[in-house]
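In what follows, a structure is listed as structure tokens, so that the remarks can point back to it.
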Amino acid sequence: MPLLVLREDGTLSRASLDDYFEALKALLLVIPTGSVTTYKSLSKLLGISPRLVGALLAANDEPLIVPCHRVVRSDGSLGGYSLGGPRFKEKILRVEGVYVERGRVKDDHVTDLEELLG
DNA sequence: CATCGAACCAACC
DNA sequence: GGTTGGTTCGATG
């Protein structure tokens, strides 16, 4: 069932990417520095498809303020990054203490938000 | 391990 | 109505 949102004018409409993005930002703040989460985990919490999570992050205009680099694929491979590509993404993660080996981040760095939030 | 196809869902054409 | 993504999953070589 699609998520509905109550608008200012009192109408009820399907959630837009902007609506989801607001929720997404809040979730990203929960991820501890030094660990990452997955598109999958976020998609479950938001009730949308993992691709849509990607679309949200890609549409993000302030990649450095919103920590989109802390989101990786469920198999541990990096996924994309709108600013500077995966290469730059890896760099940022390394600064935060998340290490990438053979194209994958180590499991110990991956936080399942669903579990973390209860 | 690598590749493939299908499902995913709002946006855009 | 069809295509498109910062994806995922199951099946197949």
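Since this is a predicted model, take the numbers as computed values, not measurements. To find a chain, count down the sequence lines: A is the first, B the second, and so on, and within it residues start at 1. Hydrogens, waters and symmetry mates are skipped; everything else that's a heavy atom, side chains included, is used.
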I want to check something: taking the side chain as every heavy atom from C-beta on, are A/Val110 and A/Thr37 in contact at a cut-off of under 4.5 Å? no
Hey, does A/Leu117 have a side-chain heavy atom less than 4.5 Å from the side chain of A/Leu27? yes
For a quick test of reading the model, state the closest non-hydrogen atom pair linking A/Ser77 to A/Val72 and the distance between them. O-CB, 3.6 Å
Indicate whether any N or O donor in one side chain lies under 3.5 Å from an N or O acceptor in the other, for A/Thr38 and A/Ser74. no
Quick check: any donor-acceptor pair below 3.5 Å linking the side-chain of A/Tyr81 to the base of C/dG6? no
Applying side chain to side chain donor-acceptor pair (under 3.5 Å), run through A/Ser49 and A/Ser43 and close with a yes or a no. CA-CA 5 Å; A/Ser49 77; A/Ser43 72; over 6 Å; no
Both atom distances under 3.5 Å, Watson-Crick or G-U wobble: I'd like the secondary structure of DNA chain C as a dot-bracket string, with | for pairs made across strands. |||||.|||||||
Does a side-chain N or O from A/Lys40 land closer than 4.0 Å to OP1 or OP2 of C/dC9, or not? yes
Mark yes when over 12 heavy atoms from residues, nucleotides or ligands other than A/Glu115 sit less than 6.0 Å from its CD; otherwise mark no. no
Salt bridge check: are A/Arg7 and A/Asp19 linked by an N-O gap of less than 4.0 Å? yes
Distances under 3.5 Å between protein N/O atoms and the N/O atoms of nucleotides 10-13 of chain B, please, pair by pair.
| from | atom 1 | to | atom 2 | distance (Å) |
| --- | --- | --- | --- | --- |
| B/dA10 | OP1 | A/Arg14 | NE | 3.4 |
| B/dA10 | OP1 | A/Arg14 | NH2 | 3.2 |
| B/dA10 | OP2 | A/Arg14 | NE | 2.9 |
| B/dA10 | OP2 | A/Arg14 | NH2 | 2.4 |
| B/dA11 | OP1 | A/Leu17 | N | 3.1 |

Measure from NZ on A/Lys44 to C1' on C/dT7 and round the result to the nearest Å. 13 Å
Touch class at under 4.0 angstrom, heavy-atom based, for A/Ser74 against every strand present: sugar-phosphate
Using 4.0 Å as the upper bound for N to carboxylate O, is an ion pair formed by A/Glu90 and A/Arg87? no
Spacing of A/Asp75 atom CG relative to C/dT8 atom C1', expressed in whole Å: 9 Å
dist A/Thr33:OG1 -> A/Arg70:CZ (nearest 0.5 Å) comes out at 4.0 Å
To the nearest 0.5 Å, what is the distance between CG (A/Leu24) and CG (A/Leu29)? 9.5 Å
Among side-chain atoms of A/His69 and A/Glu96, is any donor-acceptor pair under 3.5 angstrom? yes
With a 4.0 Å heavy-atom cut-off, tell me which residues in residues 54-63 of chain A come close to DNA chain C, sorted by residue number. A/Gly54, A/Leu57, A/Ala58
Counting any heavy atom closer than 4.0 Å, what does A/Arg51 reach on the DNA or RNA strands: base, sugar-phosphate only, or nothing? base
